[in-house]
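First up is the structure itself, then whatever we jot down about it.
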Amino acid sequence: MRIATYNVNGINGRLDILLRWLKESRPDIVCLQELKAPQARFPKQALEKAGYGAVWHGQKAWNGVAILERDAVPILTRRGLPDRTTDDESRYIEAIAGGVIVGCLYAPNGNPYPGPKFTRKLDWFKSLTRYGETLLEFGMPAALIGDFNVMPTDLDVYNPARWQDDALFRPEVRKAYRDLVETGWTDAVRALHPDEQIFTFWKYLRNAFARNAGLRIDHCLLSPDLAPHLTACGVDRHVRGWDKTSDHAPVWIELSL
DNA sequence: ATGGCTCACCCGGTGAGA
């Protein structure tokens, strides 16, 4: 079973890109972030035509997350994190797909540092960590997948020195990610490729993709009963090279289930 | 090199992304 995550950066503006990638890669389950579309403007029919059922959590102009399943409709289990019911941003959706609890997330950016947005990012990670512990206690195969907006280590940044004071790389945020992982999750890409430099995002600016000036910020975390089934993972880098593409590339994992 | 892109908002300049 293949599970992928893709920050599409506008699902309607880049629908052709998304459909092209789905057609060539045919993942079983897909987590999408940054839909940038209100609930009523999700392209349900176009995805159905491509063979994917969907659940989604939209928002006007910003954020927005969705889970797709090939030849099925995911069973929605949650919209939003339990700690953040006053939060009006669409950053978490969860469903059962392929027998796995799939939590699809889009963490806050947190810039500028310091400031209220940065503090909110740390709070959001605490909420995610706490809820993740609840998921682990269920004892059902679970995965937290999406755009975490954090580079966990120096290896995940093309030029670590330049990112020291950025909200995606501040020590507080890296610690928040580490605290989350240490409650029992496995970072799939690092489990299989501990020493390889792997990027999932390249800025639009300054020819970043051609220079490979990238970051690893899209992650797949697996519960203890799922991690032993991990057989492969990768980044569909070539998608980032397409015309009018997202600034992220799709990331995928393969599970022997 | 903190943005030189790119998006959604709805038609022009603003806020946000990372």
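Letters go in sequence order (proteins before strands), and every chain restarts at 1. Values in this document were obtained by computation on a predicted structure and should not be read as measured data.
Test A/T200, A/D218, A/N9 against A/H248 for side chain to side chain donor-acceptor pair (under 3.5 Å) and you get one pass: A/D218.
As judged by a 4.0 angstrom heavy-atom cut-off over every strand, A/N7 is placed among residues touching the sugar-phosphate backbone only. Contact annotation for A/N207: no contact, since no heavy-atom pair falls under 4.0 Å across all strands. Within the 4.0 angstrom heavy-atom criterion, no nucleotide atom of any strand lies near A/D165. Here A/Y106 lies in heavy-atom contact (under 4.0 Å) with sugar-phosphate atoms only.
Look at B/dC11: its glycosidic torsion is within 90° of 0, and that puts it in the syn range.
The distance between atom CZ of A/R211 and atom C1' of B/dC5, rounded to the nearest whole Å, is 13 Å. Atom pair A/D147:CG and B/dA16:P shows a separation of 17 Å (rounding to whole Å applied). Here B/dT2 presents its C1' atom at 8 Å from CG of A/D166, a figure rounded to the nearest Å. Rounded to an integer number of Å, the gap from A/F209 CZ to B/dC5 C1' is 16 Å. Spacing between atom OH of A/Y113 and atom C1' of B/dA16 amounts to 21 Å, rounded to whole angstrom units. Atoms CH2 (A/W242) and P (B/dC5) sit 24 Å apart, rounded to a whole Å. Straight-line distance from the CG atom of A/N111 to the P atom of B/dT2: 13 Å, rounded to whole Å. Counting to the nearest Å, the P atom of B/dG3 and the CG atom of A/D247 are 18 Å from each other.
Using C1' as the reference atom, B/dT6 and B/dG12 are 16 Å apart when rounded to the nearest Å. With both ends at atom C1', the span from B/dC10 to B/dG15 equals 15 Å, rounded to whole Å. One C1' atom belongs to B/dT14, the other to B/dG3, and the distance between them is 16 Å to the nearest Å.
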Seminar exercise, completed: Pairs under 3.5 Å (Watson-Crick or G-U), crossing ones as [ ], inter-strand ones as |: DNA chain B comes out as ....(((((...))))).
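A/P27 places a side-chain heavy atom less than 4.5 Å from the side chain of A/W21. A/C104 has its side chain out of reach of A/I145: every pair of non-hydrogen atoms, C-beta onward, lies at least 4.5 Å apart. Side-chain contact check for A/T5 versus A/D147: every heavy-atom pair is 4.5 Å or farther apart.
Ranked by how close their nearest DNA chain B nucleotide is to the 5' end, A/A167 and A/E34 are led by A/A167. Position along DNA chain B of the nearest nucleotide to A/E89 versus A/R206 favours A/R206 as the more 5'-ward residue.
Annotation: cation-pi geometry satisfied between A/R78 and A/Y131 (NZ/CZ under 6.0 angstrom from ring centroid, within 45° of ring axis).
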For this session: Go along nucleotides 7-15 of chain B 5' to 3' and tag each nucleotide: B for a protein heavy atom under 4.0 Å from its base, S when only backbone or sugar atoms are that close, - otherwise.
Result: SSSS-----
Exercise. Can A/Y6 and A/D236 be said to form a side-chain hydrogen bond (donor to acceptor under 3.5 Å, both in side chains), step by step?
Worked result: CA-CA 10 Å; A/Y6 186 23; A/D236 289 336; over 6 Å; no
Problem set entry | Verdict with reasoning, A/E254 to A/T231, per side-chain hydrogen bond (donor to acceptor under 3.5 Å, both in side chains) | CA-CA 6 Å; A/E254 195 77 42; A/T231 57; 5.6 Å; no
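When only modelled atom types and interatomic distance are considered, A/Y92 and A/D87 share no side-chain donor-acceptor pair under 3.5 Å. Looking only at atom types and distance, the side chain of A/R84 has a donor-acceptor partner in the side chain of A/S127 under 3.5 Å away.
Note: A/Y177 and A/F148 have perpendicular aromatic rings, judged against thresholds of 30 and 60 degrees for the angle between ring planes.
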